[in-house]
Amino acid sequence: MSHIDSLIAEDITAYLEAHENKSLLRFITCGSVDDGKSTLIGRLLYDSKMIFEDQLDALERDSKKQGTQGENIDFALLVDGLAAEREQGITIDVAYRFFSTDKRKFIVADTPGHEQYTRNMATGASTADLAILLIDARKGVLTQTRRHSFIASSLGIRKLVLAINKMDLVDYDEAVFKKIERDFLEFAEELSAGIEIQAIPMSALEGSNITGASDKTPWYNGPSLMEYLETVPVDDARISAPFRMPVQWVNRPNLDFRGFSGQIASGTIKPGDRVKTLPSAKETTIERVVVHGGDLDEAVAGQSVTLTFADEVDTSRGDVICIASDPAEVADQFQARVLWMADKDMLPGRRYLLKIGAKTVTATVLDLKFGIDVNTIQDKPAKTLGLNDFGVITLGLDQPIAFDPYDINRETGGFILIDRMTNNTVGLGLIDFALRRAGNIHWQALDVDREALAKQKEQKPAVLWFTGLSGSGKSTIANALQQKLFGLGKHTFVLDGDNVRHGLNRDLGFTDVDRVENIRRVSNVAKLMSDAGLITLVSFISPFRSERRMARNMMVDGEFVEVFVDTPLEVAEQRDVKGLYKRARAGEIKNFTGLDSPYEAPEDPEIQINTVEMTAEEAADQILNWMRERGWFEA
Amino acid sequence: MWGTTQIKQNWANSLTSQTHLDRLEAESIHIMREVAAEAENPVMLYSVGKDSAVMLHLAMKAFYPSIPPFPLMHVDTTWKFREMIEFRDRKAAEIGMDLIVHTNQEGIDDGVGPFTHGSAVHTDVMKTQALKQALDKYKFDVAFGGARRDEEKSRAKERVFSFRTAEHRWDPKNQRPELWNLYNARIHKGESIRCFPISNWTELDIWQYIRREQIEIVPLYYAAKRPVVEWEGSQIMLDDDRVPPELAKTAVEKYVRFRTLGCYPLTGAVESTADTLEDIIQEMLLTTSSERQGRTIDRDQAASMEKKKQEGYF
C-alpha cells in the first residue's frame, strides 16, 4: 500500500501523529449493481491507493475469469465478497470497507439496492453519517432512488450525495445532469426536513469526478466525490444533545467500588453533574468519571466510561442515566415506525422482545395503523407487515422504558424486535412518541377476543379428547403430552376424572344419564378453555359416540381432536392399575365400561393410539407429530 | 504553519471531536460489555498475536477497575513459536485472568503436524477441530475473536455477533441484521456466538493503537537475526528440532520479522530490519502485499476462507 505520501518514508513519526488525529466518516452507498455501485467503491479504494499489489494481481486474474468488463479491471469484483454473490453478480449483504486519505478515515457500508434487500440497506444506514445515492444518468430518478432516500432519511441520515453516474454514456451532457438534480430536489421535499443534498456528475468506470475535477465536465463547479467526503462537516449532533447513558454493566470489583459502565449516547458529563436514573427517576450526583489510566474531568457522547454516584442509588443494567435537568421520557406505550426484517409476518397482537439501549423487555404490537409504501412514501392500509415492509404501529410494553423520539435522538430512540421463539432479529423500530405516560394503567383499546388470547399465547387452541377404556392409558399419555407441550412453551391444561369428578361433577354417578351430563359439563369447560387460548387435554372414558359428537360440535371447527387410546379389554383388565376391574368383576362396581356398560369405539378418530405396541412417551410423540404436521405450532 | 497545526491539534483534543482511534476503542469496549452482560459463559480466544494483544488491552480497559469477567483460551497446536507460549503465560499471570489451554489430544495421538500432514490437515485437526472440541467441552456460549473485516473479503460481511449453529457452522446467507449498536445475543441451548469486537479496525489502526497505548507484543514482530529455512515457498524459522533434519541443515541466519504469528512452520518470515514500532508501521505502509499473504491457508482456492469459516474455522 502506498498512500502517496512522502511523509511516510521521510518522517514516519510525523505521519503517525497526523494520522492519529484524523476524524472518521461512516457512509453508506445505495444503488443497484446496474448503477455501478460496487464499481464506485472499488474505484475509491483503487484511487486512494488502498489496494495491495497481491490483491491487484488477484483482481486482474478474476476480472478475466468472471468480470463483466472484458480485458479491463472489474472493480466490482474487489468488493463483492461472498462466493454466491460473485457467481450471481449481485451484492446481497452489507459489506464494510475501510480506506483513508490524508484528511480522513472512512468506513463504507456497501449495501444492496433491490427492494428485497431493503432491510440490509437499513442496517447499513443505522450507523452511517452520510449516504451516497447512485443514479444511472441514462435512467434518472427511479423508484429505487426514492426508496433509498426514504430509508436513509428515516434512519436519520442528514447528508445525501446524489452520485449521478455513467455520465460517460450520456456524453457528459449538462442538461441530463440538471434535469435529474431538479427531479430529485422536487421529490426530496417530501423527505424529513433538514437534509443536505449534493449532486455530483461522475463516471465510476472512467474515474471522472471521483478524486479530482474532471475535464469532461467543465460546466460543473462543485467538488469531486472524494473532495466532498473529505471535507463535509460531521457535525456530531449527539454532543450537543442532553446527556444520556444506558447502563450496560454494573462494575463491582470490590465492596468499595460501585460503578456503572456504558457508552455515552449523547451529551457530556462531568463530576458534580446532577443526574437522574430512569425509569426509577432517582436523582444523584456524579462523583467520578472513571476510565483506565485515570479519571476524566469530562466525557462526551461516544465515549465508553464508568460513572460513580455520590449516593447509593439502586441502578442496574438497562437503566438510563440522564442529566437531571433534561431527562428522557418514560413510557410503556408508543407509536413507532417499524421496518420488518423477517420472512414471517408481523401481526398485531403478537408479542416480541424489544431491545433498546441495554434493556430488553416484552412488547406487544397493539395495532398496525397503516403501512408506508417505501417507493412512493404514501400511507397504505395494511393488516400485516411482511419482509421489508415499513409501517406505523403502536406498542405496549410489560414495563416502562426510558427513551427519546428517534428524530430527536438516534441513540435512545431506536430499537430492535426479536422473535421470542427463533431469537432472530425481526424488525427495527424508530420511536415517534409515547401514547401516554406510564403510571396510569389503561391499555389501548384492543379487542380481547379468543383470537387475541390465543395469539398472546402464540398457539392455536385445541381440545385433545382422549377416549378409551378404563386403564387404557389415557391419563398417562395426556400427562406425557402435556409435559412435552409445556417444554415447547405451550399453555395447556388437563381435564380428567380426578380434577372434575371431585369438584364440578361430584353430584354425578355412573348411570347413562349421569355419564351424558358429565360429558356435557366437561365439554363446556373445555370449550371455555379453548376460548381462553389453551390447549386442553380431556381424559375421560366417554364411552358414547353421541356425547363425543356433541363435544365435537361444541368446539370451533378444527379444534376438536379425538384421540382413541385403543387398548383391548383383556390388556386393560390385565393391567388394572387401580384394581377397578377386579372390584367390578367381584360385583362391587356397577355400570363398569367394557363389562356391564358398553364402550362405543370411535369410528373415525383423528388419532388412534395402539398402546400394546408403544409406550406412553411414544404415544405422546405421535400426537405431537400429528399436531406439528398440521401447523399447530406455527401460530 | 506550525501555529495552524497547533490550533488544529488542540481542537481535535477538545470535547467536540473524538479521533478515529477513540471511536474504535469506545465501540469495541461497548461490544465487550454487552457480551459480559448478556452471555452466560463467555470466553476470549487469545491467539497471542498483535490483534489478540489489542483485544486483551481493550478488555482490560472495558472492565477497569474490575478484571475482565471471563477466561482467556488459547488453542495450542503445539507448533506455535516458543516465544509466543512464554509471552502468553506471562501475560495471563500479569493480568490475573484465567488461562485455558486446549490441544486436540486425538491429533497429538495421530502424530498430526505440518511437516508430516501438510498445512490443510494440520490446520483442520489442530486448529478448527480443536477449537470446536474446546467450545463443546467448556460449553462457552460466546467466544471473542480478534478477526477484522479488512483482512479478507468474506470477513467484510461477517457480523460483529456472528451466530454459529450447534454444529459450529456459519451461514453467511442467514445472518442477523445488526442495527445501531444494538446487538442481539440471544441463542438457544447448544448454539453459540463468535463475537468480533475489533471488526472495524484496520491493520494500520491496530499498529497505531499499539503505539499509542504502548501495548506489549511478542518480540517476533520485531526484526532480529533468526535462523530460517526455505520451505514450500516461505521462509520459516527454525524454532525447535522438529524441522526435518535435511531441511534444518539448510538454515541461514537472517534479519527477519513476522507480520502474523501462528504455527511456526506455516508462518512465513519477511526479511526486515524494522526493530521499532515506527519502523514496522513504515514498512507496512510502504509494502506492497497484504497481510494475510504470509498465511498458506488462504491461497488454496478462491473463496477458501469463506468455506473454512462455514466449517468452523475462526
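Just so you know, these numbers use all the heavy atoms, side chains as well, and skip hydrogens, waters and symmetry mates. Within every chain, numbering begins at 1; the chains are lettered A, B, ... in the order of the sequence lines, protein sequences first and strands thereafter. What you see is a predicted model; the values in this text were computed from it and never measured.
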Is the side chain of His188(B) donor-acceptor paired with the backbone N or O of Met421(A) at a distance under 3.5 Å, no angle test? yes
Just so I know, are the side chains of Asn200(B) and Arg26(A) near enough to count as touching, which here means a heavy-atom distance under 4.5 Å? yes
Relative to chain A, which segment of Glu27(B) carries a heavy atom at a distance below 4.5 Å: side chain, backbone, both, or neither? both
Return the CD to CD distance between Glu10(A) and Gln282(B), rounded to the nearest 0.5 Å. 10.0 Å
Can you tell me which portion of Asp205(B) sits under 4.5 Å from chain A's heavy atoms? Options are side chain, backbone, both or neither. side chain
Does any backbone or side-chain atom of Arg33(B) lie under 4.5 Å from a heavy atom of chain A? Answer side chain, backbone, both or neither. both
With a 4.5 angstrom heavy-atom cut-off, which part of Ser28(B) approaches chain A: side chain, backbone, both or neither? neither
Do Lys355(A) and Asn184(B) make a side-chain contact, defined as non-hydrogen atoms from C-beta onward lying under 4.5 Å apart? no
Supply the atom-to-atom distance Lys359(A) NZ to Leu182(B) CG, rounded to the nearest 0.5 angstrom. 14.5 Å
To the nearest 0.5 Å, what is the distance between CH2 (Trp180(B)) and OG1 (Thr412(A))? 11.5 Å
Side chains of Asn423(A) and Arg176(B): closer than 4.5 Å at any heavy-atom pair? yes
So, do Ile29(B) and Gln248(A) sit near enough that their side-chain heavy atoms are less than 4.5 Å apart? no
For the atom pair CD (Gln303(A)) and NE2 (His30(B)), what is the distance rounded to the nearest 0.5 Å? 15.0 Å
For Val291(A), is it the side chain, the backbone, both, or neither that has a heavy atom closer than 4.5 Å to a heavy atom of chain B? backbone
Specify which of Lys61(B), Glu191(B), Met60(B), Glu25(B) makes the most heavy-atom pairs with chain A at under 4.5 Å. Lys61(B)
What distance separates Trp249(A) CH2 from Glu38(B) CD, expressed to the nearest 0.5 Å? 14.5 Å
4.5 Å side-chain heavy-atom contact, Tyr96(A) and Ser199(B): no
Heavy-atom side-chain proximity of Glu20(A) to Thr19(B) below 4.5 angstrom: no
Side chain, backbone, both or neither of Leu16(A) within contact of chain B (heavy atoms, under 4.5 Å): both
